[in-house]
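Reviewing the structure listed below.
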Amino acid sequence: MRPKFTAMNTNDSDKNSWLSRTIRPDHSLAALLPIMATVFIAFLVIGIAMPVLPLHVHHGLELSTFVVGLVAGSQFAAAIASRLWAGRYADASGAKHAVIAGLIIAAAGGLLYFLSLRFVAMPAISVTILLLGRALLGVGESFIITGAQSWGLAMLGVDNTSKVLAWIGSAMFGAFAAGAPIGTALYARYDFPGIALATTLLPLATLVVVVPLRRAPSTVRARTGLLKVMAAVWVPGVGSALSSIGFGAVIAFSALLFVGRGWPAWPAFSMFALAFILTRLFLGHLADRFGGAKIALICVIVEAAGLGLMELAPGLALALSGAALTGLGYSLVYPALGVEAVHRVPAQSRGLAMGAYTAFLDVALGFGTPVLGLLASVAGLGAVFLVSAVAALCAAPIAASFLRASARRVTGTSLAACG
């Protein structure tokens, strides 16, 4: 059952506010484009590092696959600690200020990348500094994406929740897809210093896009308590976390899996991200239209099939098809379950709600990815993708529970109308 304060989403004080007004679909994308551009440029930083960071740690520093998972997951672990802070900051100070703060923090993470290069002869010290840089990037990413999501919800209204989350997420994963070949080329020509330079400069360049944009007003009404918000979002959050373990497998280990089989490193994630982006751009409205639970249930099954195919495929073409299926399935799970989360909180706490909901994804990536690295060292890289497929399937009962709850509400409403 939804918490009792759900009805606050439609307070009379909101009905005439532009914050709660639904924007017509033909204007929605245009309204979001500046925010999407900001997210795209900022997240190129993460996309550039994704295919090469495992290679730098495993081959360059000669450290284990467990350390690869630890380095890849440390960004998300740091985001866990900062996600609620970012949500509170976006609610109180404004989404634009949250995005600007995140960009500055991310640039500082790039400087630590540079510092780690001074200690490559001492891998333990180098990777420790690299972990700190990844942690700063996690905090910066938390502020950027939470601020951008809150900004979009303020502009388009809660009735377009799935669309906002899907389109802003498309910009993020578009940056991941574009960043993969760019990062591979930078690494091949300039080694890790090229990655460090891009990580420092891109967030600073993004400020040129953000500063001229009109800010969304901060929320000044009474806040909802953290425990109430967590009670509202934890079930959809767990479902999102289970499906996100497969995402962690793709970003941390698909390059190593493909290289180990004699295939190029970068196409796996690019295919995943391309399918992800196209699905969100063209089908991102489905959860708003048909309900988040129904779309989430279908998508976690598709994601699980894709992860299994990546492991079992005998050739590159089928493995890339598996990556595409994984991207297609995973693409709508987060916005679909996000619809269930956002509709359970009042307007003045949507930034906090997005931070809390996304924190479950961070838990999956921050803790799940190192565990997958440990699994890879014991059972091989293939086991990582099979276990991730099982985890995605475990999200299906959660989505089904929302479907049953929705059916009971519809039945109760019909019976009340007949009475």
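From L283, atom CG reaches atom CZ of F290 across 10.0 Å, with rounding to the nearest 0.5 Å. With values rounded to the nearest 0.5 angstrom, I182 atom CD1 is found 5.5 Å from I48 atom CD1. Here the CE atom belonging to M271 is positioned 11.0 Å from the CG atom belonging to L325, to the nearest 0.5 angstrom. Distance check, rounded to the nearest 0.5 Å: CE of M354 to CD1 of I168 gives 9.0 Å. In this structure, CE in M122 is found 8.5 Å from CD1 in I129, a value given to the nearest 0.5 Å. Separation of atoms OG1 (T279) and CG (L328) is listed at 3.5 Å; rounding is to 0.5 Å.
In this structure a side-chain-to-backbone donor-acceptor pair under 3.5 Å is missing from T146 to A86. Side-chain atoms of K96 come within 3.5 Å of backbone atoms of L213 as a donor-acceptor pair (strictly under, hydrogens ignored). Distance alone, capped at 3.5 Å, is enough to place a donor-acceptor pair between the S162 side chain and the G284 backbone. Side-chain atoms of N160 never come within 3.5 Å of backbone atoms of L153 as a donor-acceptor pair (strictly under, hydrogens ignored). Checked by atom type and distance alone, the side chain of T326 pairs as donor or acceptor with a backbone atom of G322 at under 3.5 Å. Side chain of S240 to main chain of G237: no donor-acceptor pair is present (N/O by atom type, distance under 3.5 Å, no hydrogens or angles). Proximity of a side-chain donor or acceptor of R83 to a complementary backbone N or O of A356 within less than 3.5 Å is not detected.
Between E141 and R134, no side-chain nitrogen of the basic residue sits less than 4.0 Å from a carboxylate oxygen of the acidic one, so the salt-bridge criterion is not met. A salt bridge links E311 and R261; the closest N-O separation between the charged side-chain nitrogens and carboxylate oxygens is under 4.0 Å.
The side-chain heavy atoms of V67 and P123, taken from C-beta on, include no pair separated by under 4.5 Å. Using a 4.5 Å cut-off on side-chain heavy atoms (C-beta onward), H56 and L63 make no contact. Taking 4.5 Å as the limit, some side-chain heavy atom of L320 sits within range of a side-chain heavy atom of P267. Between L115 and L132 the shortest side-chain heavy-atom distance does not fall below 4.5 Å. By the 4.5 Å heavy-atom criterion applied to side chains, L374 and V371 are not counted as neighbours. Put simply, the side chain of L297 reaches to within 4.5 Å of the side chain of L403, judged on heavy atoms. Residues T161 and P335 form no side-chain contact, since every pair of their non-hydrogen atoms from C-beta on lies 4.5 Å or further apart. Here the side chains of I398 and L242 are in contact, with some heavy-atom distance below 4.5 Å.
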Could you walk me through whether E340 and V235 pass the side-chain contact (heavy atoms from CB on, under 4.5 Å) check?
-> CA-CA 9 Å; E340 301 292 338; V235 175; over 6 Å; no
Go through the steps for V384 and L257 under the test side-chain contact (heavy atoms from CB on, under 4.5 Å), then give the verdict.
-> CA-CA 10 Å; V384 166; L257 179 73; over 6 Å; no
Step by step, work out the side-chain contact (heavy atoms from CB on, under 4.5 Å) result for I105 and I144.
-> CA-CA 10 Å; I105 294 169; I144 292 166; over 6 Å; no
Show the numbers, then the answer: is there a side-chain contact (heavy atoms from CB on, under 4.5 Å) between T206 and V210?
-> CA-CA 6 Å; T206 311; V210 177; 4.3 Å; yes
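Side-chain N/O atoms of S244 and Y330 include a donor and acceptor closer than 3.5 Å. A donor-acceptor pair shorter than 3.5 Å can be found between the side chains of T358 and Y334.
Summarising the geometry of W263 relative to P314, their closest heavy-atom pair is CZ2-O, 4.2 Å, with the distance given to 0.1 Å. The two residues S270 and P181 make their nearest non-hydrogen contact at OG-CD, 3.7 Å. Looking at every heavy atom in both residues, A391 comes nearest to I245 through CB-CD1, 3.9 Å. Listed here is the closest heavy atom pair of A389 and G308: CB-N, 4.2 Å. Counting all heavy atoms, side chain and backbone alike, A341 lies closest to Y357 at CB-CD1, 4.0 Å. Annotation for A178 and L44: closest pair CB-CD2, 4.1 Å, computed over non-hydrogen atoms.
Identified under the ring-ring contact (aromatic ring centres under 6.0 Å, His included) test for residues 101-145, with sequence neighbours left out: W85-F143, Y89-F143, Y113-F192.
Heavy atoms from other residues, nucleotides or ligands lying under 6.0 Å from CH2 of W234 number 12 at most.
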